[in-house]
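The next block holds one structure in the form of structure tokens; read it before the comments.
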Amino acid sequence: MNNLDSVIIILYAVIVVFFIYRIIKQVKEKNSLEGQVKAFKRPLSSFELILFSILLVTGGVNLYYGINQANMQNILTATVMILLAIVFLIASRAKVYVGENGILSNSKFSTFKEIRKWGFDPESGDLVMLIKDKKGENRESTKVRKEDIEEINTLIRRYKLGK
């Protein structure tokens, strides 16, 4: 086995572990939501769709040639690439949740007390929030469907501002 091939497999495996961590964190953080909770689907960006397709096709081609040539290195690389594509797709499809006490997006729960400002980019369909927590101030951005913008905004106004 070539050292460079081993490094590539390890890098892909680390990325798989990272996405699995994000999926598990999303599931755990969902328990932080209280009261009525509304889920909103996230649209896949064209970049995410292209990346998923490239990973899947490249993994499939590697798998095909690995099996035909009985090359375990190619088979292992292909398996990790296909697993990465699947885990990436699952992580990319994580929903945005709005509960009575906060918002869960990008595997991170933020209470309405932590959300200082929020807004929507109607062109891209991004929900942008300024979050101030123990770690300081940071900007969170997540894609939402354009048709959900009004409902998400209404829920945030109701739960954060009482309007």
Can you list the steps and then say if Ile82 with Leu55 is a side-chain contact (heavy atoms from CB on, under 4.5 Å)? CA-CA 7 Å; Ile82 292 169; Leu55 286 169; over 6 Å; no
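- For the pair Asn71 and Ile75, the minimum side-chain heavy-atom distance is 4.5 Å or more.
- A donor-acceptor contact shorter than 3.5 Å links the side chain of Glu100 to the backbone of Gln36.
- A donor-acceptor distance shorter than 3.5 angstrom exists from the side chain of Glu29 to the backbone of Phe109, with no hydrogens or angles considered.
- Pairing each heavy atom of Leu63 with each of Ala78, the nearest pair is N-CB, 3.2 Å.
- Two residues are said to be in side-chain contact when any heavy atoms from C-beta on lie closer than 4.5 Å; Ile23 and Val87 meet this criterion.
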Using the side-chain contact (heavy atoms from CB on, under 4.5 Å) rule, take Glu137 and Ile131 through it: C-alpha gap first, then chi angles, then the decisive distance, then the call. CA-CA 6 Å; Glu137 247 183 32; Ile131 312 275; over 6 Å; no
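- Note: Leu51 CG to Ser92 OG = 8.0 Å, rounded to the nearest 0.5 Å.
- With contacts defined as side-chain heavy-atom distances shorter than 4.5 Å, the pair Leu84/Phe19 qualifies.
- Contact between Leu33 and Gly102 at its shortest, heavy atoms only, is CD2-O, 3.5 Å.
- To the nearest 0.5 Å, atom CG of residue Leu44 and atom CG of residue Leu89 are 6.0 Å apart.
- No donor-acceptor pair under 3.5 Å is formed between the side chain of Gln26 and the backbone N or O of Tyr21.
- Open room surrounds OH on Tyr12; 12 or fewer heavy atoms of other groups in view lie less than 6.0 Å from it.
- Leu161 and Phe120 fall within a single hydrophobic cluster, where Ile, Leu, Val, Met, Phe, Trp and Tyr are joined by side-chain heavy atoms under 4.5 Å apart, directly or via other members.
- Grouping the Ile, Leu, Val, Met, Phe, Trp and Tyr side chains by contacts below 4.5 angstrom, directly or via other members, places Leu76 apart from Ile10.
- Looking at heavy atoms from C-beta onward, Thr142 lies out of side-chain contact with Phe40 at the 4.5 angstrom threshold.
- Between the side chain of Arg22 and the backbone N or O of Asn106 there is at least one donor-acceptor pair closer than 3.5 Å.
- With a 4.5 Å cut-off on side-chain heavy atoms, Leu130 and Ile115 do not count as touching.
- Nearest heavy atom pair, residue Asn101 against residue Ser32, reads ND2-O, 2.8 Å.
- Cluster membership for Val7 and Phe18, using ILVMFWY side-chain heavy atoms within less than 4.5 angstrom, is not shared.
- Nearest heavy atoms, Arg139 versus Val128: CG-CG1, 3.8 Å.
- Within a 6.0 Å radius of NZ in Lys160, more than 12 heavy atoms belonging to other residues, nucleotides or ligands are found.
- Heavy atoms only, all atoms of each residue included: Val80 and Val16 are closest at O-CG2, 4.1 Å.
- Using a 4.5 Å heavy-atom threshold, the side chains of Asn138 and Glu140 count as touching.
- Looking at Tyr64 and Gln69, their side chains never come closer than 4.5 Å, going by heavy atoms from C-beta outward.
- The minimum heavy-atom distance linking Glu48 with Phe88 is given by the pair O-CE2, 3.4 Å.
- The cluster map of Ile, Leu, Val, Met, Phe, Trp and Tyr, joined by side-chain heavy atoms under 4.5 Å apart, puts Val14 and Leu83 in different clusters.
- At a threshold of 4.0 Å, the pair Glu151-Lys38 counts as salt-bridged, since one of the basic side-chain nitrogens sits closer than that to a carboxylate oxygen.
- Rounding to the nearest 0.5 Å places CG of Leu49 at 8.0 Å from OG of Ser45.
- The aromatic rings of Tyr159 and Phe112 sit tilted relative to each other, their planes meeting at an angle between 30° and 60°.
- A continuous path of Ile, Leu, Val, Met, Phe, Trp and Tyr side chains, each step under 4.5 Å between heavy atoms, connects Met129 with Ile152, placing both in one hydrophobic cluster.
- Around atom CD of Glu150, no more than 12 heavy atoms belonging to other residues, nucleotides or ligands sit under 6.0 Å away.
- For the atom pair CG (Asp121) and CG (Leu127), the distance works out to 11.0 Å, reported to the nearest 0.5 Å.
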Could you give me the CA-CA distance, side-chain angles and deciding distance for Asn74 and Thr77, then say whether side chain to side chain donor-acceptor pair (under 3.5 Å) is met? CA-CA 5 Å; Asn74 279 3; Thr77 303; 5.4 Å; no
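- By the 4.5 Å heavy-atom criterion applied to side chains, Val37 and Val98 are not counted as neighbours.
- With values rounded to the nearest 0.5 angstrom, Asn62 atom CG is found 6.0 Å from Met81 atom CE.
- Applying the salt bridge (charged side-chain N to carboxylate O under 4.0 Å, His left out) rule to pairs touching residues 107-119 yields Lys108-Asp133, sequence neighbours excluded.
- Considering Lys143, Lys146, Arg145 as possible partners of Asp126, the one that fulfils the salt bridge (Lys or Arg N to Asp or Glu O under 4.0 Å) test is Lys143.
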